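Everything on this sheet refers to the single structure shown next.
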There are 2 protein chains.
Amino acid sequence: MLQHKTHYSIGELCDEFSVTARALRFYEDEALIAPERRGTQRLYTERDRARLAWILRGKRVGLSLSDIKELLDLYDIGDNRRTQRLKTIERCQGQVDKLKQQRVDIDATIKELEGFITLVKSQTADQSTQGK
Amino acid sequence: MLQHKTHYSIGELCDEFSVTARALRFYEDEALIAPERRGTQRLYTERDRARLAWILRGKRVGLSLSDIKELLDLYDIGDNRRTQRLKTIERCQGQVDKLKQQRVDIDATIKELEGFITLVKSQTADQSTQGK
DNA sequence: TCACTACTTTACGTTTCCGTAAAGGTCAAT
DNA sequence: ATTGACCTTTACGGAAACGTAAAGTAGTGA
């Protein structure tokens with residue numbers, strides 16, 4: 001049975017994801033994760049771990065913690081009222097649009113930087129030719 | 001001759017790029033742009049305008065102002081020493097790598113959000129079918 | 001001359017996302 | 001019993017990127 005651990009200590013998650021305990025506690029203060037307790041110590045479940053992965057990826061793409069919280073909450077709500085679902089779709093679509101625009105910007109920036117690199121490299125090649 | 005203006009006031013640039021004058025002055029304090037002066041007022045050239053566009057796109061992809069400054073400076077330096085050029089290439093390549101990783105994260109996030117949207121939409125469709 | 005608009009500087013305030021002590025609790029191994 | 005590793009809370013600190021008055025200047029039109 002390939003079954004991974006069902007519980008993680010704060011230190012384990014820190015090591016796995018290369019974040020500080022301070023950060024994890026901060027995310028908890030901000031209600032992004034809510035690990036159980038064994039006495040005073042935190043016990044993270046597999047679900048908490050998945051949420052953490054989501055949080056960190058969200059950060060890498062430039063979402064704020066409150067954006068991330070909102071999206072995570074939307075996943076969880078399971079609210080069946082139609083209006084609520086429409087709002088959910090709207091919010092998500094908004095983020096998707098932002099991310100798509102961001103991808104356009106990223107591609108343009110990569111292109112420009114790579115062009116510049118090529119230019120500088122060609123100069124370096126010139127000199128090394130002369131330098132021989 | 002299709003020639004655009006050669007000089008812009010701070011207000012014009014603000015309108016064009018939807019940024020506040022405060023932001024532009026802040027970028028100037030941080031040495032990201034250095035407009036001329038006519039008396040006390042700032043006169044932005046076409047080059048300043050291009051730099052501003054670069055700055056704002058850099059921001060949109062999540063670069064810090066100091067990252068942006070560094071890259072802009074690299075464009076300008078024209079330092080011909082070989083070691084300097086190698087450093088330049090290294091820095092740029094580093095940013096390119098970061099941006100490529102970011103694109104991977106963005107694609108994954110978009111995919112996940114769109115999947116979720118599809119799911120919620122299907123539930124909404126169910127209910128509207130029943131609701132008829 | 002008066003008013004208006006666009007510009008200027010100086011300077012303190014704000015939000016986000018944690019870093020970094022400080023001071024201590026818990027449990028296992030020596 | 002004491003060390004050490006790992007955990008806890010509370011609370012002040014700090015960089016980044018501006019926001020936001022406050023108070024003054026410069027040109028323009030009526």
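Letters go in sequence order (proteins before strands), and every chain restarts at 1. Everything quoted here is computed from the prediction, not taken from an experiment.
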Where the side chain of A:Lys59 is defined as all heavy atoms beyond and including C-beta, which of C:dT8, D:dA17, C:dC17 is the nearest nucleotide?
C:dC17
Is it true that, when you exclude B:Arg38 itself, more than 12 heavy atoms of the residues, nucleotides or ligands shown sit nearer than 6.0 Å to its CZ?
no
Nearest to the B:Arg37 side chain among D:dC18, C:dC17, C:dT8, which nucleotide is it?
C:dT8
According to a strict under-4.0 Å criterion, is A:Arg25 in side-chain N/O contact with OP1 or OP2 of C:dT20?
no
Would B:Lys100 and A:Asp107 pass as an ion pair if we require N to O under 4.0 Å?
no
Could you give the CD-to-P distance, from B:Gln41 to C:dT5, as a whole number of Å?
16 Å
Closest approach of A:Thr20 to A:Cys14 (non-hydrogen atoms, all atoms of both residues)
C-SG, 3.6 Å
Could you tell me whether A:Asp105 and B:Arg57 have a side-chain N and a carboxylate O separated by less than 4.0 Å?
no
Just how far is it from atom OH of B:Tyr44 to atom CD1 of B:Ile33, taken to the nearest 0.5 Å?
5.0 Å
If you round to the nearest 0.5 Å, how far is CZ of A:Arg91 from CD1 of B:Ile117?
13.0 Å
Hey, does A:Arg42 reach any base, or is it just sugar-phosphate, or nothing, if we go heavy atoms under 4.0 Å?
sugar-phosphate
In numerical order, the residues of residues 13-22 of chain B whose heavy atoms come under 4.0 Å of DNA chain D are B:Thr20, B:Arg22
Taking 4.0 Å as the cut-off, does a side-chain nitrogen or oxygen of A:Ser9 come that near to OP1 or OP2 on D:dC7?
yes
Across the strands shown, which category fits A:Arg38 at heavy-atom distances under 4.0 angstrom: base, sugar-phosphate, nothing?
nothing
In this structure, how many angstroms lie between the C1' atom of C:dC18 and the CD atom of A:Glu28, rounded?
15 Å
Rounded to the nearest 0.5 Å, the CD atom of B:Glu28 sits from the CZ atom of B:Arg42 at a distance of 4.0 Å
Rounded to whole Å, the CZ-C1' distance (A:Phe26 to C:dT16) equals 7 Å
B:Tyr27 has an atom OH; how far is it from atom C1' of D:dA16, in whole Å?
11 Å
Provide, to the nearest angstrom, the distance between the CD1 atom belonging to A:Ile55 and the C1' atom belonging to C:dC17.
13 Å
Rounded interatomic separation in angstrom, taking CG from B:Asp29 and C1' from D:dA16:
14 Å
Specify the separation, in whole Å, of atom CD1 of B:Ile10 and atom P of C:dT8.
5 Å
From CG of B:Leu24 over to P of C:dC7, roughly how many Å is that when rounded to an integer?
11 Å
